[in-house]
Protein chains: 2
Amino acid sequence: MSTAPQKCVEPDATTIEALSDDQVATMTKALGHPVRLRIVRLLSERHTCVTGDLAAQFPLAQSTVSEHLRVLRDAGLIQGEIEGVRTSYCVNVAALAALKAALGSL
Amino acid sequence: MSTAPQKCVEPDATTIEALSDDQVATMTKALGHPVRLRIVRLLSERHTCVTGDLAAQFPLAQSTVSEHLRVLRDAGLIQGEIEGVRTSYCVNVAALAALKAALGSL
DNA sequence: TCTCTTCATCGTAATTCGACGATAGCCGAT
DNA sequence: ATCGGCTATCGTCGAATTACGATGAAGAGA
């Protein structure tokens with residue numbers, strides 16, 4: 001499983017833009033679920049991971065994990081890259097940095 | 001409106017404990033709503049504020065804002081103190097610091 | 001005491017969320 | 001060309017969320 005050379009576009013973390021309240025709310029809402037929080041944590045540790053390996057970490061149906069990935073992707077916190085038959089996900093470091101910056105002002 | 005000397009217990013920010021995934025998820029979920037995010041921002045700026053003044057900031061019913069305050073309170077992000085007929089809210093700096101610390105590891 | 005103000009809670013309706021199984025698309029290998 | 005594995009999407013359900021008005025408790029002041 002996942003022995004292929006996985007690469008996932010790492011956006012340069014220098015382009016940090018200020019986020020609107022709605023954007024911040026969308027991101028924090030996306031993180032506001034134990035499974036999604038754990039997914040981000042896993043991706044942060046492993047740097048990158050394919051859907052199947054991710055789904056195997058939870059006692060959930062594959063479709064459910066895929067849905068969580070979609071929420072995180074829509075929020076801009078992660079991004080997926082199709083690699084043949086699989087999809088590799090990685091955290092969007094720029095977005096995460098922007099979120100931290102926004103929360104820092106609280 | 002709100003001319004009384006308002007004080008709100010500020011927990012010492014030194015007692016920062018590590019949060020569980022569920023705690024972090026609960027907090028981020030609480031922040032995952034534009035109105036609640038704005039409430040925290042307002043409290044962070046004004047240092048303290050009574051329910052009525054807070055409710056006046058939004059085109060929402062008083063009961064709705066009160067409910068949002070309850071969510072934030074249950075998440076531990078803010079705390080209210082009854083002052084006579086009013087209730088004064090303030091951010092829980094320790095909890096917020098703990099949350100930032102937890103998100104920092106992402 | 002009576003009234004006014006302030007706030008939280010209750011009941012309710014509409015919407016969204018979280019989970020599942022089933023399905024369809026797509027790629028690689030046989 | 002067909003088969004088999006990997007993902008995303010769709011339809012559906014029960015549960016949770018968000019909003020409202022109405023109600024009730026409790027302090028402040030006339």
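Bear in mind that the values here come from a model prediction, so they are computed numbers and not experimental data. In what follows, chains are A, B, ... by sequence order, proteins preceding strands, each numbered from 1.
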Mind running a 4.0 Å heavy-atom check of residues 57-67 of chain A against DNA chain D and sending the residues that fall below it, in number order? A:Gln62, A:Ser63, A:Ser66
Could you check which residues of residues 19-36 of chain B get a heavy atom under 4.0 Å from DNA chain D? Sort them by number, please.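 Nucleic-acid contacts, sorted: B:Lys29, B:His33, B:Arg36.
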Would you compute the distance between atom [atom1] of [X] and atom [atom2] of [Y] and round it to the nearest 0.5 angstrom?
X: B:Asp22; Y: A:Arg38; atom1: CG; atom2: CZ; value: 10.0 Å
X: B:Gln62; Y: B:Leu60; atom1: CD; atom2: CG; value: 11.0 Å
X: A:Thr28; Y: B:His33; atom1: OG1; atom2: NE2; value: 10.5 Å

Does any part of the side chain of A:Lys100, heavy atoms only, come nearer than 4.5 Å to the side chain of A:Leu96, both counted from C-beta? yes
By nearest nucleotide on DNA chain C, pick out whichever of B:Leu69 and A:Ile82 is the more 5' one.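 Closest to the 5' end, via its nearest nucleotide, is B:Leu69.
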Check the phosphate of C:dA8 against B:Tyr89, side-chain N and O only, distance under 4.0 Å to OP1 or OP2. Yes or no? yes
Looking only at side-chain N and O atoms, does A:His68 come under 4.0 Å of OP1 or OP2 in C:dC17?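 Checking A:His68 against C:dC17: no side-chain N or O falls below 4.0 Å of OP1 or OP2.
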What is the distance from CG of B:Asp53 to C1' of C:dT6, rounded to the nearest Å? 11 Å
Does B:Glu67 pair with B:Arg70 as a salt bridge, N-O distance under 4.0 Å? yes
Salt bridge flag under 4.0 Å for residues B:Asp21 and A:Arg41: yes
Under a plain distance cut-off of 3.5 Å, with no hydrogens placed, do A:Thr48 and A:Ser88 share a side-chain donor-acceptor pair?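 A donor-acceptor contact under 3.5 Å links the two side chains.
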Nucleotide range of DNA chain D contacted by chain A, 5' to 3', under 4.0 Å to a heavy atom? D:dG5 to D:dT9
